[in-house]
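Below, all heavy atoms of this structure are taken into account, side chains as well, without hydrogens, waters or symmetry copies.
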Amino acid sequence: MGGWAIAVHGGAGVDPNLPLERQEQAKQLLTRCLNLGISALRSDLPAIDVVELVVKELETDPFFNSGRGSALNENGRVEMEASIMDGPKRRCGAVSGLSTVKNPISLARLVMDKSPHSYLAFSGAESFARQQGVELVDNDYFITEENVGMLKLAKEANTILFDYRIPLGMETCAAGVDSPIQMNGLPISVYAPETVGCVVVDSQGRCAAATSTGGLMNKMTGRIGDSPLIGAGTYACDLCGVSCTGEGEAIIRGTLAREVAAVMEYKGLGLQDAVDFVIKNRLDEGKAGLIAVSNKGEVACGFNCCGMFRGSATEDGFMEVGIWDQ
């Protein structure tokens with residue numbers, strides 16, 4: 001056993017023109033969530049409880065695209081989704097199409113713990129939420145002025161806003177780049193947030209993972225991404241826990257989260273080598289990132305886009321919060 005470890009993310013594919021003030025706000029939120037998780041781990045809370053606790057905190061803050069502040073679909077409503085997985089017995093729960101559940105990750109946990117199923121969606125998931133007595137709110141609770149503005153831009157350009165809009169053909173990017181480049185008629189400085197997630201290994205070597213999102217801005221009603229799909233956006237087993245973010249369709253095709261565990265198991269790779277292998281070889285032309293922990297107390301991340309909001313910490317005192325290249 002190598003002690004506990006934790007990692008969080010707030011989306012991959014960061015706009016290189018993201019204002020420094022927004023960067024600092026993101027880092028402060030990630031740091032707060034890391035400290036929340038660290039405190040829980042020091043109190044011997046199991047990994048599965050810690051990932052739910054941290055993602056619930058991320059959902060409650062409107063900065064990233066999950067829970068309050070979720071991206072809006074083509075009809076101007078939120079359709080949120082989330083999943084959670086407990087490594088020791090590979091138990092899991094997932095939800096999609098939520099529009100009134102304040103914390104989707106907690107409903108996903110209830111699907112895992114209180115239902116005979118692994119995945120509930122839309123009216124069935126909302127009905128289950130009412131049966132379980134979870135906190136419900138009006139859809140307006142999730143909608144922010146910023147996201148209403150981004151939906152308007154997306155509709156005017158007849159496009160879907162993905163991540164933080166990285167311009168095609170831009171080979172390298174870094175913080176502070178001043179570029180007039182547009183993509184599908186939209187300036188890349190338009191702020192369009194993405195998925196959040198958390199992975200944890202506790203002091204007993206138990207791994208867990210959780211992921212939550214509002215999906216893509218101006219997405220088609222009923223679209224489901226990778227975040228609630230076990231093995232794609234989220235995976236945990238005896239070896240590791242993984243949460244992904246980025247281009248959902250590419251993550252689904254590559255079953256990205258499960259691949260990390262698979263190459264560890266079948267190729268004998270260590271955690272960071274497994275993450276690097278998967279990012280390099282399983283995304284085709286897709287753009288994505290992921291965070292991971294191992295049962296040895298290791299933590300790792302990887303991404304093939306401009307940046308990823310992320311933070312990590314281990315029991316030996318290591319702690320890091322970052323956005324840009326590793």
Side-chain angles (χ1 to χ4, degrees), residues 47-49 51-56 58-59 65-67 70-71 73 77-136 139 142 194-200 207-216 219-237 240-262 288 290:
I48 190 67
D49 292 341
V51 294
E52 180 188 0
L53 179 71
V54 171
V55 171
K56 188 175 180 179
L58 287 163
E59 289 176 340
N65 174 15
S66 64
S70 284
N73 68 11
R77 292 177 60 82
V78 300
E79 287 183 342
M80 302 169 291
E81 47 197 24
S83 63
I84 192 168
M85 192 164 188
D86 194 11
K89 293 185 178 179
R90 286 183 287 194
R91 298 167 61 247
C92 59
V95 288
S96 282
L98 302 182
S99 59
T100 66
V101 176
K102 186 176 182 181
N103 291 109
I105 196 64
S106 293
L107 186 61
R109 174 75 184 271
L110 287 168
V111 171
M112 180 179 76
D113 289 341
K114 302 294 184 179
S115 86
H117 307 303
S118 296
Y119 196 164
L120 294 176
F122 295 92
S123 61
E126 296 272 349
S127 177
F128 179 69
R130 291 191 293 272
Q131 292 170 14
Q132 294 298 314
V134 303
E135 186 172 2
L136 304 178
N139 198 259
F142 304 102
E194 235 273 353
T195 305
V196 304
C198 180
V199 292
V200 167
C207 298
T211 312
S212 180
T213 191
L216 304 178
K219 65 184 179 181
M220 293 176 63
T221 300
R223 183 262 185 183
I224 293 174
D226 67 288
S227 297
L229 300 184
I230 299 302
T234 304
Y235 191 74
C237 60
C240 63
V242 184
S243 175
C244 301
T245 174
E247 187 180 339
E249 281 66 21
I251 294 170
I252 292 169
R253 293 195 305 270
T255 57
L256 213 64
R258 167 59 187 157
E259 284 289 281
V260 174
L290 62 86

CD on Q131 to OG on S115, rounded to 0.5 Å = 10.0 Å
key: Exercise: do S83 and Y119 side chains pair donor with acceptor under 3.5 Å   = no
key: OH on Y235 to OG on S243, rounded to 0.5 Å   = 15.0 Å
request  = Output, in order, the C-alpha distance, side-chain angles, deciding distance and verdict of side-chain contact (heavy atoms from CB on, under 4.5 Å) for L136 and K102.
outcome  = CA-CA 6 Å; L136 304 178; K102 186 176 182 181; over 6 Å; no
ask   = Is the closest side-chain heavy-atom distance between V78 and N73 below 4.5 Å?
value = no
key: Exercise: identify the closest heavy-atom pair between G215 and A71   = O-CB, 3.4 Å
note = Value for CD (E247) from CG (L216), rounded to nearest 0.5 Å, stands at 9.0 Å
key: Smallest separation among heavy atoms of C244 and A232, with atom names   = SG-O, 3.5 Å
message = Is a donor from one side chain sitting under 3.5 angstrom from an acceptor on the other, for T234 and T211?
response = yes
message = Any heavy-atom pair between the side chains of C198 and V200 that's under 4.5 Å?
response = yes
task = Please answer whether the main-chain N or O of S99 pairs with a side-chain N or O of E126 as donor and acceptor at a distance below 3.5 Å.
result = yes
Flag side-chain contact, heavy atom, 4.5 Å: T245 against L290 = no
request  = For the pair V111 and V95, evaluate side-chain contact (heavy atoms from CB on, under 4.5 Å) and give the outcome as yes or no after the intermediate values.
outcome  = CA-CA 8 Å; V111 171; V95 288; 3.8 Å; yes
message = For the CZ atom of R258 and the SG atom of C240, what is their distance to the nearest 0.5 Å?
response = 8.5 Å
ask   = For A94 and P228, which heavy atoms make the closest approach, and how far apart are they?
value = CB-O, 3.1 Å
request  = Say whether, by atom type as modelled, one donor and one acceptor occur between the side chain of K219 and the main chain of I224 under 3.5 angstrom.
outcome  = no
Electrostatic pair D86-R90, nearest N-O below 4.0 angstrom = no
From CG (L58) to CD1 (I105), nearest 0.5 Å = 10.0 Å
key: A257 to G233 - nearest heavy-atom pair and separation   = CB-C, 4.1 Å
key: Worked verdict on T100 versus N139 for side-chain contact (heavy atoms from CB on, under 4.5 Å)   = CA-CA 6 Å; T100 66; N139 198 259; 5.6 Å; no
request  = Using a 4.5 Å cut-off on heavy atoms from C-beta on, say whether the side chain of F122 contacts that of E79.
outcome  = yes
query = What closest approach, in Å, do F128 and L110 show between heavy atoms, and which atom pair accounts for it?
reply = CZ-O, 3.7 Å
request  = State, yes or no, whether a side-chain contact exists between T195 and N65 at a heavy-atom distance under 4.5 Å.
outcome  = no
message = Can you give me the closest heavy-atom contact between A261 and C237, atom names plus distance?
response = CB-SG, 3.8 Å
request  = With rounding to the nearest 0.5 Å, note down the distance linking CD1 in I251 to CZ in R253.
outcome  = 10.0 Å
ask   = Can you tell if the side chain of M80 reaches within under 4.5 Å of the side chain of T213, non-hydrogen atoms only?
value = no
request  = Measure from the side-chain N and O atoms of E81 to the backbone N and O of S212, and report whether any donor-acceptor pair falls under 3.5 Å.
outcome  = no
key: Check: I48 and M112 side chains under 4.5 Å, non-hydrogen atoms   = yes
inquiry  = For a 4.5 angstrom cut-off between non-hydrogen side-chain atoms, does F142 reach L98?
reply    = no
query = Given the rule in the side-chain contact (heavy atoms from CB on, under 4.5 Å) test, do R91 and D113 qualify, once you have shown the distances and angles that lead to the verdict?
reply = CA-CA 9 Å; R91 298 167 61 247; D113 289 341; 2.5 Å; yes
